J.: 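Sharing a structure here in structure tokens format.
We count ligands from 1, going down the list as the structure has it; atoms in each ligand are counted the same way. Every value quoted in this text rests on a predicted model; they were computed, and no experiment measured them.
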Amino acid sequence: MTRHLISVDDLRQEARRRLPRFAFDFIDGAAGSEAGLRRNRAAFEDAVLRPRALVDVDGDLSTTAELLGREWAMPFGVAPIGLAGLAWPGMDRILAEAAQAAGAPYAASTPATATLESLRRAAPTSAWFQLYVGRSQEIVDDLLARAADAGYDTLIVTVDVPRPGRRRRDLRNRFALPLRYTPAFVWDLVTHPAWSMAAAHNGPPRFANLERYAGASSSAASLAEFQAAQSSGRLDWRLLTEIRRAWKGKLIVKGLLAPSDAARAASEGADAVAVSNHGGRQLDSAPATLQVLPAIRQAVPDGFPLLLDGGVRSGEDIVKALVAGADYVLMGRPFLYAVAARGRTGASDLFHLLRMELLDAMAQMGCRTLQELTMRGSEERHTSFGEQGIMTKR
Ligand SMILES: Cc1cc2nc3c(=O)[nH]c(=O)nc-3n(C[C@H](O)[C@H](O)[C@H](O)COP(=O)(O)O)c2cc1C
């Protein structure tokens, strides 16, 4: 029997019950004291919207969004997630198919647990490829060539992982790959049979894009070390410019928080910037994305596309992001909770729920289209309400 879906938080609670602790903590956790994770949420909770009455919003409202030269059925999509198959076996493919069906983008991550080729087939018009620039330039070049061959037209380069995040929950759980069968770990598995049976059926999660480069030493242990080397501190503006030159499709730079960095990315030829702090998983003290967005909107050229992620948990949050200056929104954890809690239907139910919430909020705002919402945002940002309302004061 399908349970009625009321909120993302319900999915999170269901996922918490269904997953072994190490797996739930891996998706739910963040860097350091997790203040950054809370800050993302607090920014959305503190932001207010000014509803407008006496606008005829009867009939069909449109959630169609334009981004990077094409139309999407909704203004939100699935953020790139590494090792998603750990949260639920087959997660990458389930999310790719759900996004394709919903008419929303899905970002296939470099450390995905399914190959970028198979994910493009699962989402032939919706999938983007997300690149981590690791230590080996040869691997970067090969990943880019594979992405182009597979038909990807949009590349996300994630720039906020000079080193892996220091996530205390993972450290406490001694989470490592290959999984270590300590008594505590076995107990965690035994007490979460749904996950354990699904994992036993599918085999352990694999870094499907990367294992071919590990060569002769592709034992699970060396693969994990190898994967750690797939994010590196060597990515700089010069290298980003080279990637821009080499990649013929659209380029999104993900993980910027400083207005000057976003302006520079635009001038170096990026087609869009994703304002992101990696969901609080990298620098605990990073600012909330919603809070820095208005200043970034001012710093980039007029009409330059901005995406935002981090803490978006409802249709109303999506409206807040758009009013604060985003053209598009990505969400990470909510989709992971959805599939971990309810499998395949969880992902499509979540798309449906968010769209319904979005329509309700649009009607309250007196906006029939997202373009009207964006215009409302730019008007509000120039009023004192903008300063105290949609821009948070934290
Ligand atoms: C479990 C997990 C794995 C992630 N892996 C990646 C990744 O491989 N590449 C990337 O660019 N971002 C990655 N991110 C960050 C997300 O793309 C996104 O920025 C973040 O989840 C947004 O915050 P939210 O979870 O609050 O929506 C990951 C996030 C989570 C929770």
Side-chain angles (χ1 to χ4, degrees), residues 8-9 11-12 15 19 22-31 34 36-45 76-88 91-92 95 99 105-114 116 119 128-134 143 154-162 164-165 167 169-170 173 175 177 205 207-210 227-228 230-231 235 252-257 273-283 286 288-290 307-314 317-318 320-321 326 328-340 350 354:
V8 167
D9 199 51
L11 293 172
R12 179 173 179 272
L19 294 189
F22 78 93
F24 180 76
D25 280 349
F26 168 69
I27 61 173
D28 194 60
E34 304 193 348
L37 175 72
R38 291 189 292 276
R39 202 174 296 116
N40 275 348
R41 275 306 303 145
F44 278 102
E45 279 166 9
F76 58 93
V78 183
I81 300 292
L83 210 54
L86 183 83
W88 199 260
M91 171 82 82
D92 311 78
L95 290 179
Y106 161 81
S109 154
T110 295
T113 39
L116 63 95
L119 292 172
W128 297 339
F129 178 62
Q130 178 263 321
L131 178 74
Y132 275 136
V133 175
L143 285 167
T154 302
L155 176 74
I156 300 179
V157 179
T158 298
V159 298
D160 58 4
V161 187
R167 300 183 196 128
R169 289 199 229 179
D170 293 345
N173 293 333
F175 170 57
L177 289 177
F207 294 115
N209 286 323
L210 299 172
Q227 198 271 337
Q230 293 317 305
S231 60
L235 179 57
I252 303 173
V253 177
K254 173 173 180 279
L256 298 183
L257 296 164
V273 159
V275 177
S276 171
N277 55 24
H278 219 100
R281 291 166 76 82
Q282 289 300 115
L283 181 68
T289 49
L290 185 69
L307 296 86
L308 172 133
D309 72 20
V312 179
R313 296 293 179 267
S314 70
D317 287 346
I318 293 167
K320 288 177 185 176
Y328 214 86
V329 167
L330 297 177
M331 299 167 75
R333 294 182 186 85
F335 285 105
L336 300 175
Y337 301 143
V339 177
L350 179 56
L354 291 168

J.: Would you say the side chains of Tyr337 and Asp28 form a donor-acceptor pair under 3.5 Å?
T.: yes
J.: Could you tell me whether the side chain of Arg169 and the main chain of Ala30 form a donor-acceptor pair under 3.5 Å?
T.: no
J.: Applying a heavy-atom cut-off of 4.0 Å, say which part of Arg313 lies close to ligand 1: side chain, backbone, both or neither.
T.: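 Just the side chain.
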J.: If the cut-off is 4.0 Å to any non-hydrogen atom of Ser276, which atoms of ligand 1 fall inside it?
T.: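 It comes down to these atoms of ligand 1: 19 (O).
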J.: Looking only at protein heavy atoms, identify the closest one to atom 7 (C) of ligand 1 and say how far it is in Å.
T.: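 Result: Tyr132 OH, 3.0 Å.
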J.: Check each heavy atom of His278 against ligand 1 and say whether those closer than 4.0 Å belong to the side chain, the backbone, both or neither.
T.: both
J.: Can you name the atoms of ligand 1, numbered from 1 with element, that are less than 4.0 Å from a heavy atom of Asp309?
T.: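 Going through ligand 1 atom by atom, the ones under 4.0 Å from Asp309 are 18 (C), 19 (O), 22 (C).
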J.: If the contact criterion is a heavy-atom separation under 4.0 Å, does Asn40 count as touching ligand 1?
T.: no
J.: For atom 24 (P) of ligand 1, what is the closest protein heavy atom, and at what distance to 0.1 Å?
T.: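 Going by distance alone, atom 24 (P) of ligand 1 is nearest to Arg333 NH1, 3.6 Å.
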J.: Below a 4.0 angstrom heavy-atom separation, can you tell me which part of Pro80, side chain or backbone, both or neither, approaches ligand 1?
T.: both
J.: In the protein, what heavy atom is nearest to atom 20 (C) of ligand 1, and what distance, to one decimal place, separates them?
T.: Gly279 N, 3.7 Å
J.: Do you know the tightest heavy-atom contact between Ala338 and Leu11?
T.: CB-CD1, 3.7 Å
J.: Just let me know how Thr158 lines up against ligand 1, side chain, backbone, both or neither, with a heavy-atom cut-off below 4.0 Å.
T.: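 Near ligand 1, Thr158 shows its side chain, while the N, CA, C and O stay back.
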J.: Give the atoms of ligand 1, by number and element, whose distance to some non-hydrogen atom of Gln130 is under 4.0 Å.
T.: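 Under 4.0 Å from Gln130, ligand 1 has these atoms: 7 (C), 8 (O), 9 (N), 10 (C), 11 (O).
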J.: How close do Val8 and Arg313 get, heavy atom to heavy atom, and via which atoms?
T.: CG2-O, 3.2 Å
J.: Going from CG on Leu83 to CZ on Phe26, what distance comes out if it is rounded to the nearest 0.5 angstrom?
T.: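 Reported to 0.5 Å precision, the distance equals 4.5 Å.
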J.: Among protein heavy atoms, which sits nearest to atom 12 (N) of ligand 1, and what does the distance come to when rounded to 0.1 Å?
T.: Lys254 NZ, 3.0 Å
J.: Answer yes or no: is there an ion pair linking Arg333 with Asp309, defined by an N-O contact shorter than 4.0 Å?
T.: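 Salt bridge absent between Arg333 and Asp309.
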J.: Measure from the side-chain N and O atoms of Asp92 to the backbone N and O of Thr113, and report whether any donor-acceptor pair falls under 3.5 Å.
T.: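 Flag set: sc Asp92 to bb Thr113 pair under 3.5 Å.
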J.: Among all protein non-hydrogen atoms, which one is nearest to atom 30 (C) of ligand 1, and what is the separation to 0.1 Å?
T.: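 The answer is Arg281 NE, 3.4 Å.
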J.: Going by the atom numbers of ligand 1, which of them fall below 4.0 Å from some non-hydrogen atom of Gly82?
T.: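 By the 4.0 Å cutoff, the relevant atoms are 3 (C), 4 (C), 5 (N), 6 (C), 7 (C), 8 (O).
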J.: Just by modelled atom types, is the Gln130 backbone N or O under 3.5 Å from a matching donor or acceptor in the Thr110 side chain?
T.: yes
J.: Give me the one residue out of Leu116, Thr158, Leu235, Leu155 that meets side-chain contact (heavy atoms from CB on, under 4.5 Å) with Leu131.
T.: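 Filter result, single survivor: Leu155.
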J.: Does NZ or CZ of Arg167 come closer than 6.0 Å to the centre of the six-membered ring of Phe22, within 45° of the ring's axis?
T.: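 No - Arg167 does not lie over the ring of Phe22 by the 6.0 Å and 45° rule.
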J.: Which atoms of ligand 1 sit under 4.0 Å from any heavy atom of Gly332?
T.: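 Reading through ligand 1 atom by atom, the close ones are 21 (O), 24 (P), 25 (O), 27 (O).
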J.: Could you list which atoms of ligand 1 come closer than 4.0 Å to a heavy atom of Gly311?
T.: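 Those atoms are 24 (P), 26 (O).
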J.: Could you list which atoms of ligand 1 come closer than 4.0 Å to a heavy atom of Met331?
T.: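 Taking each heavy atom of Met331 in turn, ligand 1 has 27 (O) under 4.0 Å.
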J.: Inspect the contact between Glu34 and Arg38 and indicate whether a charged nitrogen and a carboxylate oxygen are less than 4.0 angstrom apart.
T.: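 Not counted as a salt bridge, because no side-chain N and carboxylate O are separated by less than 4.0 Å.
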J.: Show which atoms of ligand 1 fall inside a sub-4.0 Å distance from at least one heavy-atom site of Ser109.
T.: 7 (C), 8 (O)
J.: So, does Ile27 sit close enough to ligand 1 that a heavy atom of it is under 4.0 Å from the ligand?
T.: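 Ile27: in contact with ligand 1 (<4.0 Å).
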J.: Hey, does Arg41 sit under 4.0 Å from ligand 1 if you only count heavy atoms?
T.: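 Arg41: no contact with ligand 1 (<4.0 Å).
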J.: Would Asn277 and Arg39 count as a side chain to side chain contact (heavy atoms under 4.5 Å, CB included) if you check the C-alpha gap in whole Å, the side-chain angles of each, and the deciding distance to 0.1 Å?
T.: CA-CA 11 Å; Asn277 55 24; Arg39 202 174 296 116; over 6 Å; no
